[in-house]
Amino acid sequence: MNPTPPLEAQDRPARLTVGVVGAGRVGPALAAALRLAGHRPVAVSGVSDASVRRAAELLPDVPLVTPAEVLARADLVLLTVPDDALADLVTGLAETGAVRPGQLLVHTSGRYGTAVLDPATRAGALPLALHPAMTFTGTSVDVQRLAGCSFGVTAPEELRMAAEALVIEMGGEPEWIAESARPLYHAALAIGANHLVTLVAQSMELLADAGVRAPDRMLGPLLGAALDNALRSGDAALTGPVARGDAGTVAAHVAELRRHSPQSVAGYLAMARTTADRALAHGLLKPELAEDLLGVLADAGNGPGTAARPAPGPAAHGTGPAAPDTPGSPESPGSPESPGSPDGRDHDPDGPDHGPDTPDHGPEGGDR
């Protein structure tokens, strides 16, 4: 990765007062990072006990006030609430006159670009979408983890330089994402980060059932190497019985999973089919071995507890894997205030996200 060039003085944002609406895992960490860059957090809103504790730890001496008061005090406002609450929050703040002309309004949702901020933009706000593609813990360690973290940036062209400058000041690396590409961008992070957590947790459970005393210690080096290889080489890093076309081994896997963990069979088959598609399309799986393998997967898909589905024919593999359905937001909300209220909600994603957030983003990032 090429290092980001230092900002010229004229490109740097002026020192700003910063407010946070939604003291979930993301907002206080970003505000703390902005404080390290010379900006001044002046107000935060949060409703749950966890949010109050988090704000006190990461933003000591910053007063806890209502969302409207946050906007009244701050030049730059971070809207770090759940994706599904964001639109109603923005509308409520605009309709109650809380938005000030010239105010920078930043949301951290991976799903949305700046269109979701249109009600505030019409009231004179300057809209930015800055999504950190990192998992958050809600502790001070997140501020250090922002160093080198990629941010999905969307903004009007005239604000692009200011948006990217803010990301760089937080220690991140800006990555420009077109408005229309935000849902696909967020889906990609959810697949990579949120689904990875599910797969790892399931693998650890199965290893424990097999008698492994320290599943995490066994998986750590293996998964670390697999991730490194995948990031370096993509599909060329595929290994294992599916990529080799070991139909008998795959059949044995399915039989054991049906005995010990029936709920994991559907996921195993779905990932095996996708892996076979990609391995065949990239010349890793020999066509003469693919037929038996796909036959096993088709038969397994018709077994007890699973819905019948046809296996893809070899002729279809040259086109590569089908696009996955776009997942919903991988993050779970924090305090359940009415999303139609300008009070908003804290964004507390599950797991050490973003989760990613996703993140809350996730993935997840990214994943607030």
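The figures here come from the full heavy-atom set of this structure, side chains too, leaving out hydrogens, waters and symmetry mates. None of the values given here were measured: they were computed from a predicted structure.
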Novice: Could you tell me which residues satisfy side-chain contact (heavy atoms from CB on, under 4.5 Å) with Ser233, sequence neighbours excluded, listed by chain and number?
Specialist: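 By the side-chain contact (heavy atoms from CB on, under 4.5 Å) rule, Ser233 matches Ala236, Ala237.
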Novice: Other than Val143, what residues sit in its cluster of Ile, Leu, Val, Met, Phe, Trp and Tyr side chains whose heavy atoms are under 4.5 Å apart, directly or through others?
Specialist: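 Its cluster partners, ordered by chain and number, are Leu36.
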Novice: If only atom types and distance count, is the side chain of Arg54 paired as donor or acceptor with the main-chain N or O of Pro28 below 3.5 Å?
Specialist: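 Checked: no pair found.
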Novice: Do you know the tightest heavy-atom contact between His107 and Tyr112?
Specialist: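 For His107 and Tyr112, the tightest heavy-atom pair comes out as CE1-O, 3.1 Å.
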Novice: My understanding is that a hydrophobic cluster links ILVMFWY residues whose side chain heavy atoms are under 4.5 Å apart, including indirect links. Using that, what else belongs to the cluster containing Leu231?
Specialist: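 Taking Ile, Leu, Val, Met, Phe, Trp and Tyr as members, Leu231 shares its hydrophobic cluster with Leu227.
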Novice: Any side-chain heavy-atom pair from Pro262 and Leu257 closer than 4.5 angstrom?
Specialist: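 The answer is no, as the side chains (C-beta and beyond) never meet within the 4.5 Å cut-off.
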Novice: Show the atom names and distances, to 0.1 Å, of all donor-acceptor pairs under 3.5 Å that link a side chain in residues 208-224 to residues at least two apart or in another chain.
Specialist:
none

Novice: Closer than 3.5 angstrom, by distance alone: can the side chain of His282 be matched with the main-chain N or O of Arg278 as a donor-acceptor pair?
Specialist: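 Flag set: sc His282 to bb Arg278 pair under 3.5 Å.
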Novice: Got a second to check how far Leu196's CG is from Ile191's CD1, nearest 0.5 Å?
Specialist: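 Answer rounded to 0.5 Å: 12.5 Å.
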Novice: Side-chain contact test, heavy atoms from C-beta onward, threshold under 4.5 Å: evaluate it for Leu146 versus Met134 and give yes or no.
Specialist: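 Side chain of Leu146 against side chain of Met134, heavy atoms only: contact under 4.5 Å found.
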Novice: For Gln263 and Ser261: C-alpha separation, side-chain torsions, deciding distance, then whether side-chain hydrogen bond (donor to acceptor under 3.5 Å, both in side chains) applies.
Specialist: CA-CA 5 Å; Gln263 69 275 12; Ser261 181; 3.3 Å; yes
Novice: If hydrophobic clusters are built by linking Ile, Leu, Val, Met, Phe, Trp and Tyr wherever their side-chain heavy atoms come under 4.5 Å apart, do Leu64 and Val20 end up in the same one?
Specialist: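 Looking at the clustering, Val20 is in the same group as Leu64.
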Novice: Given the rule that I, L, V, M, F, W and Y join up when any side-chain heavy atoms are under 4.5 Å apart, are Val200 and Leu207 in one cluster?
Specialist: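 Yes, Val200 and Leu207 fall within the same hydrophobic cluster.
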Novice: Could you give the distance from OG1 (Thr80) to CG (Leu130), rounded to the nearest 0.5 Å?
Specialist: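 Here the rounded value is 12.0 Å.
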Novice: Which heavy atom of Val153 sits nearest to which heavy atom of Ala163, and what is that distance?
Specialist: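 Heavy atoms only, the tightest pair is CG1-CB, 3.8 Å.
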Novice: Of the non-hydrogen atoms in Ala120 and Val99, which two are nearest, and what is the gap between them?
Specialist: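 Looks like O-CG1, 3.8 Å.
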Novice: Sequence neighbours left out, what passes side-chain contact (heavy atoms from CB on, under 4.5 Å) with Glu256? Give chain and number order.
Specialist: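 With sequence neighbours excluded, Glu256 shows a side-chain contact (heavy atoms from CB on, under 4.5 Å) to Arg259, His260, given in chain and number order.
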Novice: Determine whether Arg145 and Thr137 make a side-chain contact, defined as any pair of heavy atoms from C-beta on separated by less than 4.5 Å.
Specialist: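 Sidechains of Thr137 and Arg145: in contact.
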Novice: So which atom in Ala32 and which in Leu59 form the shortest heavy-atom distance, rounded to 0.1 Å?
Specialist: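 Looking at all heavy atoms of both residues, the shortest contact is N-CD2, 3.8 Å.
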Novice: Does the side chain of Val21 come within less than 4.5 Å of Val77's, by heavy atoms?
Specialist: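 Yes. Closest side-chain heavy atoms under 4.5 Å.
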Novice: Got a donor-acceptor contact below 3.5 angstrom from the Glu173 side chain to the Phe151 backbone?
Specialist: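 Not confirmed, Glu173 side chain does not pair with Phe151 backbone.
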Novice: For a 4.5 angstrom cut-off between non-hydrogen side-chain atoms, does Leu166 reach Leu76?
Specialist: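 They are in contact (side-chain heavy atoms under 4.5 Å apart), so the answer is yes.
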Novice: Looking at Leu58 and Arg35, what are the two nearest heavy atoms and their distance?
Specialist: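 Scanning both residues completely, I find the closest heavy atoms to be O-NH2, 3.1 Å.
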Novice: If I take atom CZ from residue Arg15 and atom CG from residue Leu34, how far apart are they, to the nearest 0.5 angstrom?
Specialist: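 Atom-to-atom, Arg15:CZ and Leu34:CG are 9.0 Å apart.
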Novice: Can you list every pair that meets salt bridge (charged side-chain N to carboxylate O under 4.0 Å, His left out) and has a residue in residues 62-82, with sequence neighbours left out?
Specialist: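 Passing the test, one end in residues 62-82: Glu69-Arg73.
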Novice: Partners of Asp228 by salt bridge (charged side-chain N to carboxylate O under 4.0 Å, His left out), sequence neighbours excluded?
Specialist: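 With sequence neighbours excluded, Asp228 shows a salt bridge (charged side-chain N to carboxylate O under 4.0 Å, His left out) to Arg232, given in chain and number order.
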Novice: Main chain of Ala270, side chain of Thr274: is a donor-acceptor contact present, judged purely on distance under 3.5 Å?
Specialist: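 Yes, Thr274 side chain to Ala270 backbone: donor-acceptor pair under 3.5 Å.
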Novice: Using a 3.5 Å distance criterion without hydrogens, assess whether the side chain of Ser45 forms a donor-acceptor pair with backbone atoms of Gly22.
Specialist: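 Present.
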Novice: Is a side-chain N or O of Glu179 found less than 3.5 angstrom from the main chain of Thr114, in a donor-acceptor match?
Specialist: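 Judged by distance alone, yes, a pair lies under 3.5 Å.
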Novice: Same cluster or not: Val42 versus Leu71, using hydrophobic residues (I, L, V, M, F, W, Y) connected whenever any side-chain heavy atoms lie under 4.5 Å apart?
Specialist: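 Val42 and Leu71: separate clusters.
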Novice: State the CD-SG distance between Gln144 and Cys149, to the nearest 0.5 angstrom.
Specialist: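 So the gap between those two atoms works out to 13.0 Å.
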Novice: Is the Tyr185 to His131 ring centre distance short of 6.0 Å?
Specialist: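 Aromatic pair counts; centres sit under 6.0 Å.
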Novice: Among all residues two or more places apart in sequence or in another chain, which pass the side-chain contact (heavy atoms from CB on, under 4.5 Å) test with Leu159?
Specialist: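 With sequence neighbours excluded, Leu159 shows a side-chain contact (heavy atoms from CB on, under 4.5 Å) to Leu126, Pro127, Leu128, Ala155, Pro156, given in chain and number order.
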Novice: How would you list, by chain and number, every residue that makes a side-chain contact (heavy atoms from CB on, under 4.5 Å) with Ala243, sequence neighbours excluded?
Specialist: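 Once residues adjacent in sequence are excluded, the partners of Ala243 under the side-chain contact (heavy atoms from CB on, under 4.5 Å) criterion are Leu238, Ala279.
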Novice: Of all residues at least two apart in sequence or in a different chain, which pass the salt bridge (charged side-chain N to carboxylate O under 4.0 Å, His left out) check with Arg40?
Specialist: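 Partners of Arg40 by the salt bridge (charged side-chain N to carboxylate O under 4.0 Å, His left out) criterion come out as none, since no residue qualifies.
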Novice: CG/Leu86 to CG/Leu117 distance, rounded to the nearest 0.5 angstrom?
Specialist: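 Result: 6.0 Å between the selected atoms.
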Novice: Could you report the tightest heavy-atom contact between Lys286 and Leu280, atom names first, then the distance?
Specialist: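 Heavy-atom minimum between the residues: C-CD1, 4.3 Å.
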Novice: Keeping the roles fixed (side chain from Arg273, backbone from Leu297), state whether a donor-acceptor pair exists under 3.5 Å.
Specialist: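 Flag set: sc Arg273 to bb Leu297 pair under 3.5 Å.
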Novice: Kindly write out the residues that satisfy salt bridge (charged side-chain N to carboxylate O under 4.0 Å, His left out) with Arg244, not counting sequence neighbours, or none if the list is empty.
Specialist: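 Once residues adjacent in sequence are excluded, the partners of Arg244 under the salt bridge (charged side-chain N to carboxylate O under 4.0 Å, His left out) criterion are Asp246.
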Novice: Examine Val254 and Leu293 and state if one hydrophobic cluster contains both, with Ile, Leu, Val, Met, Phe, Trp and Tyr joined whenever side-chain heavy atoms are less than 4.5 Å apart.
Specialist: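 Val254 clusters together with Leu293.
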Novice: Check whether any side-chain heavy atom of Leu79 sits under 4.5 Å from a side-chain heavy atom of Leu89, and report yes or no.
Specialist: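 Touching, per the 4.5 Å side-chain cut-off.
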Novice: Do Ser51 side-chain atoms and Val47 backbone N/O form a donor-acceptor pair below 3.5 Å?
Specialist: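 No, Ser51 side chain to Val47 backbone: no donor-acceptor pair under 3.5 Å.
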Novice: Under a 3.5 Å distance rule, please check whether Thr275 uses its side chain to pair with a backbone N or O of Met271 as donor and acceptor.
Specialist: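 Checking the backbone N and O of Met271 against the side chain of Thr275, a donor-acceptor pair under 3.5 Å is found.
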Novice: Please say yes or no: joined through hydrophobic side-chain contacts below 4.5 Å, possibly via intermediate residues, are Leu206 and Met204 part of one cluster?
Specialist: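 Per the 4.5 Å side-chain linkage, Leu206 and Met204 are not co-clustered.
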Novice: Return the OG1 to CZ distance between Thr154 and Arg160, rounded to the nearest 0.5 Å.
Specialist: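 Answer rounded to 0.5 Å: 9.5 Å.
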Novice: Under the ring-ring contact (aromatic ring centres under 6.0 Å, His included) test, which residues partner Tyr268, sequence neighbours left out?
Specialist: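 Once residues adjacent in sequence are excluded, the partners of Tyr268 under the ring-ring contact (aromatic ring centres under 6.0 Å, His included) criterion are His253.
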